[in-house]
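Below: one structure, written as structure tokens.
All values below were derived from every heavy atom in this structure, side-chain atoms included, with hydrogens, water molecules and symmetry-related copies excluded. First listed ligand is number 1; within each ligand, the first listed atom is number 1.
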Amino acid sequence: MNHQLQTKPPEATETFPGLFRCPDLISTRDLGPRGVEAVLHLAGLMKSRPSVFQRALAGRQMVMFFEKPSLRTRLTFEAGMTSLGGAAMFVDQTKARLDARETLSDIAHNLERWVDVIVLRTFAQETIVGMAQYASVPVINALSDLEHPCQALADYFTLQERFCDLKKICLAYVGDGNNVAHSLLLTCAFLGSSIRVATPAGYAPNAQIVADALEISKLTGAHIELLTEPHAAVAGVDAVYTDAWASMGQEEEGEKRAQIFPPYQVNRKLIAHAAPHAVFMHCLPAHRGQEVTDEVMDSDNSVIFDQAENRLHVQKAILYLLLGSSVRLPVRSPHA
Ligand code: CP
Ligand code: NVA
């Protein structure tokens, strides 16, 4: 029997106007503009009325395989799934890569017999793509070297709570052009918001992600700027975001990067160039004294723990969407 033929539709599908469903979340690109909108809308409902969704995923099983460490992602997926009435299992894959013992397709065809959704944190994006190709159940990217879609969705949900109209604000991302920067670019593009990304030469975001974000922005009216000058990026913005200079898997580059990145540190002097109401954002974990100072991390304008909380609400929304529940989107005014 050929087990490899059980694949899901390759693209996110709108079942009919007003209802949105999505087979996997491998990349933010899987959601499209309506999918991003659906996640933020549903996350708002999940946060304001959690009791309504208490049994929404009763009897459903989620398994998480993580090749890299995690605090927030692991616990918010676990808490989120159980608060929807489902069950969560965690497999620590930090000692050996997921497919070290048997092929990815054999693993996928086992998992799809037992569980309803697979959540993966990996090095290679291809591992997540492969799992989604082989498994007949939804697969969620919980961070790869290339993307961190759940993080950026929670970040834009946090900005929406704070500023309401995402089309009217600008976010500056300062630092390494990494997985988080990639997902922020794509999410911003789908939302028609504005982003400036400032990175040192040689550390710019992935060229294909940038090209895709620019292509999406032609349809949504998003503004995307890539720079190398941190002060120019931050000037007048509503939010300043940074992340680790060396991501998980790049530890051996840590010392070299520590020589290159100091001009990109988010400190009081840099953030003074942003709007007075500007918020500070970080996906965490932070390296205090490196990419950000304590003063900025602990300032009144820091929303880092709102971001962390919102991982929970946004991932509940993602689970609900992927496990077969269509979401009716609010009717948009033609002028929105
Ligand atoms: N922000 C984030 O993904 O945190 P963890 O690495 O702790 O999951
Ligand atoms: N860019 C960071 C994000 C951690 C949540 C990393 O990949 O290590």
Side-chain angles (χ1 to χ4, degrees), residues 25-28 39 43 62 64-81 88 90-94 97 119-128 140-159 171 173-187 197-200 203-206 209 239 241-254 256-258 260-261 264-266 280-288 290-292 297 302-316 318-319:
L25 180 52
I26 305 165
S27 162
T28 307
V39 170
M62 173 182 77
M64 296 180 278
F65 287 86
F66 279 33
E67 290 180 342
K68 295 174 177 173
S70 172
L71 174 72
R72 282 148 290 273
T73 309
R74 176 189 174 171
L75 293 179
T76 49
F77 263 112
E78 210 163 310
M81 188 61 172
F90 180 77
V91 184
D92 180 354
Q93 212 60 55
T94 54
R97 298 285 158 93
V119 179
L120 296 183
R121 171 167 282 201
T122 64
F123 290 85
Q125 176 81 355
E126 292 70 35
T127 308
I128 302 176
I140 299 174
N141 180 347
L143 182 146
S144 67
D145 288 346
L146 192 65
E147 286 193 51
H148 197 2
C150 302
Q151 179 68 53
L153 289 162
D155 298 335
Y156 271 97
F157 179 71
T158 306
L159 286 168
L171 167 80
Y173 175 94
V174 178
D176 184 30
N178 62 15
N179 44 12
V180 170
H182 296 157
S183 294
L184 288 170
L185 276 164
L186 291 167
T187 309
V197 177
T199 56
Y203 294 90
N206 174 283
I209 300 258
Y241 199 123
T242 193
D243 184 16
W245 292 340
S247 285
M248 292 181 279
Q250 298 173 329
E251 288 79 6
E252 75 290 352
E253 288 182 41
K256 182 182 159 205
R257 287 169 176 250
I260 295 169
F261 279 82
Y264 295 80
Q265 183 188 65
V266 179
F280 169 70
M281 305 182 82
H282 195 305
C283 58
L284 306 180
H287 307 80
R288 288 170 176 261
Q290 288 190 31
E291 73 269 12
V292 58
M297 280 279 282
S302 173
V303 293
I304 54 176
F305 300 120
D306 293 334
Q307 292 171 261
E309 179 191 333
N310 287 334
R311 295 291 303 279
L312 175 72
H313 309 298
V314 159
Q315 286 159 200
K316 284 172 72 174
I318 292 166
L319 287 167

Nearest-contact summary for [atom] - protein heavy atom, Å:
| atom | value |
| --- | --- |
| atom 3 (C) of ligand 2 | Asp243 OD2, 3.6 Å |
| atom 6 (O) of ligand 1 | Arg121 NH1, 2.9 Å |
| atom 7 (O) of ligand 1 | Leu71 N, 2.6 Å |
| atom 4 (O) of ligand 1 | Arg72 NE, 2.8 Å |
| atom 8 (O) of ligand 2 | Met248 N, 2.8 Å |

Are any of the N/O atoms on [X], whether in the backbone or the side chain, positioned under 3.5 angstrom from an N/O atom of ligand 2?
| X | answer |
| --- | --- |
| Pro285 | no |
| His148 | no |
| Lys68 | no |
| Ser247 | yes |

*asked:* For Thr73, state whether at least one heavy atom is located under 4.0 Å from any atom of ligand 2.
replied: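 Not so, Thr73 does not reach ligand 2.
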_If we set the cut-off at 4.0 Å for heavy atoms, which region of Asp176 has an atom near ligand 2: side chain, backbone, both, or neither?_
neither
Close-contact set for ligand 2 against [X] heavy atoms, below 4.0 Å:
| X | answer |
| --- | --- |
| Asn179 | 1 (N), 2 (C), 6 (C), 7 (O) |
| Leu284 | 5 (C) |
| Asn178 | 1 (N) |
| Leu143 | 3 (C), 4 (C), 5 (C), 7 (O) |

*Measure from the side-chain N and O atoms of His182 to the backbone N and O of Asn206, and report whether any donor-acceptor pair falls under 3.5 Å.*
yes
*Does Glu67 use its side chain to pair, donor to acceptor, with the backbone of Phe123 at less than 3.5 Å?*
yes
*Check Arg121, Lys68, Gln151 against Thr73 for a side-chain hydrogen bond (donor to acceptor under 3.5 Å, both in side chains) and give me the one that passes.*
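It is Arg121; the other options fail the test.
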*Should Cys283 be counted as touching ligand 1, given the test is an N or O pair under 3.5 Å?*
yes
*Any N/O of Arg74 closer than 3.5 Å to an N/O of ligand 1?*
no
_Would you call the rings of His313 and Phe157 parallel, tilted or perpendicular, taking 30° and 60° as the class edges?_
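Correct class here is tilted.
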_Aromatic ring pairing Tyr203/Phe261, orientation class (parallel under 30°, perpendicular over 60°, tilted between)_ =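 The rings of Tyr203 and Phe261 stand perpendicular, inter-plane angle above 60°.
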No-hydrogen, no-angle side-chain donor-acceptor test under 3.5 Å, [X] and [Y]:
| X | Y | value |
| --- | --- | --- |
| Asn310 | Tyr156 | no |
| Asn141 | Gln125 | yes |
| Ser27 | Glu147 | yes |
| Thr242 | Glu291 | no |

*Stacked cation flag Arg74 on Phe90, 6.0 angstrom / 45 deg*: yes
*Within a distance under 4.0 Å of any heavy atom of His148, pick out the atoms of ligand 1 and give their elements.*
2 (C), 3 (O)
*Before giving the answer on side chain to side chain contact (heavy atoms under 4.5 Å, CB included), spell out for Cys150 and Phe77 the whole-Å C-alpha distance, their side-chain angles and the decisive distance to 0.1 Å.*
CA-CA 10 Å; Cys150 302; Phe77 263 112; 3.9 Å; yes
*What part of Arg311, side chain from CB on, backbone N/CA/C/O, both or neither, has a heavy atom under 4.0 Å from ligand 1?*
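For Arg311, only side-chain atoms sit under 4.0 Å from ligand 1.
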*Counting heavy atoms only, which part of Leu284 comes closer than 4.0 Å to ligand 1: side chain, backbone, both or neither?*
backbone
*What do the steps show when you test Met281 against Leu171 for side chain to side chain contact (heavy atoms under 4.5 Å, CB included), and what is the final call?*
CA-CA 10 Å; Met281 305 182 82; Leu171 167 80; 4.0 Å; yes
